[in-house]
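Read through the structure below, which is laid out as structure tokens, and then see the notes.
Numbering of residues begins at 1 and proceeds along the displayed sequence. Side-chain atoms are counted along with the backbone in the values below, which use heavy atoms only and exclude waters and symmetry mates.
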Amino acid sequence: HLILSLSELINNDPEVSKYLNVHLVDNYNVTVAEHLIPATDISEQISLASKEASGTGNMKFMLNGALTLGTMDGANVEIAELVGPENIFIFGKDYENDANIKAAVDFIVSEDLVKVGDKERLERLYKELISKDWFMTLIDLAEYIEKKEEVYAAYEDQDAWNKKVVYNIAKAGFFSSDRTIEQYDKDIWHTKY
């Protein structure tokens with residue numbers, strides 16, 4: 001309802017509507033995506049950590065030239081690692097920026113603790129702590145706004161923007177289904193060929 005209300009307000013504002021329109025896409029499917037994805041410049045993947053609204057969708061946007069604005073969640077983490085911080089727009093809390101929190105969380109999977117505990121359980125807890133943000137929905141709002149302004153500023157320099165686009169497209173091959181299935185098999189399924 002909020003999105004529909006905003007679209008009415010924004011799309012009917014004579015000053016704003018020539019620069020920005022808001023649309024809720026009805027019946028989003030592959031056919032609609034075939035038109036929408038290639039026309040996108042900015043792929044906003046702003047899910048809360050652990051909610052992973054991203055995934056293969058933002059890889060498709062990446063492959064078609066959209067740069068990602070997002071939190072360190074889901075496929076955004078892998079994209080950021082592949083393309084580097086200069087080719088993606090990441091905002092939000094990062095446990096590595098607080099030395100005390102980093103030391104405490106990293107201790108969970110330290111050699112000393114793993115010796116006396118169950119490695120799988122400790123690693124699961126570690127991953128949960130660094131990838132979930134259950135009740136902090138608005139904690140990143142100021143950083144999101146700041147990062148979005150950075151996106152707009154970067155978009156003004158189309159040559160630099162297009163270099164980032166090409167770099168993202170070139171790195172998107174990493175997300176092939178063959179590589180993904182092979183990794184799932186190695187890490188999870190452990191099938192014997």
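Counting all heavy atoms, side chain and backbone alike, N168 lies closest to M62 at O-CE, 3.0 Å. A pairwise comparison of heavy atoms in P14 and K18 identifies O-CE, 3.8 Å as the closest pair. Among all heavy-atom pairs drawn from N58 and A75, the shortest one is OD1-CB, 3.4 Å. Across every non-hydrogen atom of L67 and F89, the tightest pair is CD1-CE1, 4.0 Å. Minimum heavy-atom separation, I108 to L122: CG2-O, 3.4 Å. Across every non-hydrogen atom of W161 and V151, the tightest pair is CZ3-O, 3.9 Å.
Atom CG in L82 sits 9.5 Å away from atom CE in M59 (nearest 0.5 Å). Distance check: N21 CG to D13 CG gives 10.5 Å after rounding to the nearest 0.5 Å. Atoms CG and CG, from L9 and L4 in turn, are 12.5 Å apart once rounded to the nearest 0.5 Å. To the nearest 0.5 Å, atoms CG (D157) and NZ (K163) are separated by 8.5 Å. In this structure, the separation between CZ on F61 and CD1 on I79 is 11.0 Å, given to the nearest 0.5 Å. Taking OG1 of T191 as the start and NZ of K186 as the end, the distance is 13.0 Å to the nearest 0.5 Å.
Legend: residues meeting side chain to side chain donor-acceptor pair (under 3.5 Å) with E8, ordered by chain and number and at least two apart, are N12.
Linking ILVMFWY residues whenever their side-chain heavy atoms come closer than 4.5 Å, directly or via other members, leaves V16 and I42 in distinct clusters. Taken together through direct or relayed side-chain contacts under 4.5 Å among Ile, Leu, Val, Met, Phe, Trp and Tyr, L24 and L36 form parts of separate hydrophobic clusters. Residues I88 and F175 are members of one and the same hydrophobic cluster, defined by side-chain heavy-atom contacts under 4.5 angstrom among Ile, Leu, Val, Met, Phe, Trp and Tyr. Residues V116 and V105 are members of one and the same hydrophobic cluster, defined by side-chain heavy-atom contacts under 4.5 angstrom among Ile, Leu, Val, Met, Phe, Trp and Tyr. I37 and L69 sit in two unconnected hydrophobic clusters of ILVMFWY residues. Membership requires side-chain heavy atoms under 4.5 Å apart, directly or through other members.
Note on ring orientation: taking the six-membered ring where Trp is involved, the planes of W189 and Y184 are perpendicular (angle over 60°, cut-offs 30° and 60°).
Put simply, the side chain of N29 gets close to the backbone of V32: a donor and an acceptor are under 3.5 Å apart. Remark: side-chain polar atoms of S176 are paired, donor with acceptor, to backbone N or O of R179 under 3.5 angstrom. With hydrogens and angles ignored, the 3.5 Å screen pairs a side-chain donor or acceptor of N76 with a backbone N or O of Q45. Judged purely by atom type and a 3.5 angstrom limit, N11 uses its side chain to pair as donor or acceptor with the backbone of V22. With hydrogens and angles disregarded, a donor-acceptor distance shorter than 3.5 Å links the side chain of N87 to the backbone of V83.
Contact check on K147 versus E150 returns a salt bridge, with a Lys/Arg side-chain nitrogen under 4.0 Å from an Asp/Glu carboxylate oxygen.
Heavy-atom contacts from other residues, nucleotides or ligands closer than 6.0 Å to CD1 of I188 number more than 12. For NZ of K164, the number of neighbouring non-hydrogen atoms (other residues, nucleotides, ligands) closer than 6.0 Å is greater than 12. Residue E120 places its CD atom among 12 or fewer non-hydrogen atoms of other residues, nucleotides or ligands, all under 6.0 Å distant. For Y28, the OH atom counts as densely surrounded, since its 6.0 Å shell holds more than 12 non-hydrogen atoms of other residues, nucleotides or ligands.
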query: Can E149 and Y144 be said to form a side-chain hydrogen bond (donor to acceptor under 3.5 Å, both in side chains), step by step?
result: CA-CA 9 Å; E149 291 300 324; Y144 168 74; over 6 Å; no
Check against side-chain contact (heavy atoms from CB on, under 4.5 Å), Y126 and D106: CA-CA 8 Å; Y126 171 82; D106 285 350; 3.5 Å; yes
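Counting Ile, Leu, Val, Met, Phe, Trp and Tyr side chains that sit under 4.5 Å apart, directly or through other members, V30 stands alone, with no cluster partners.
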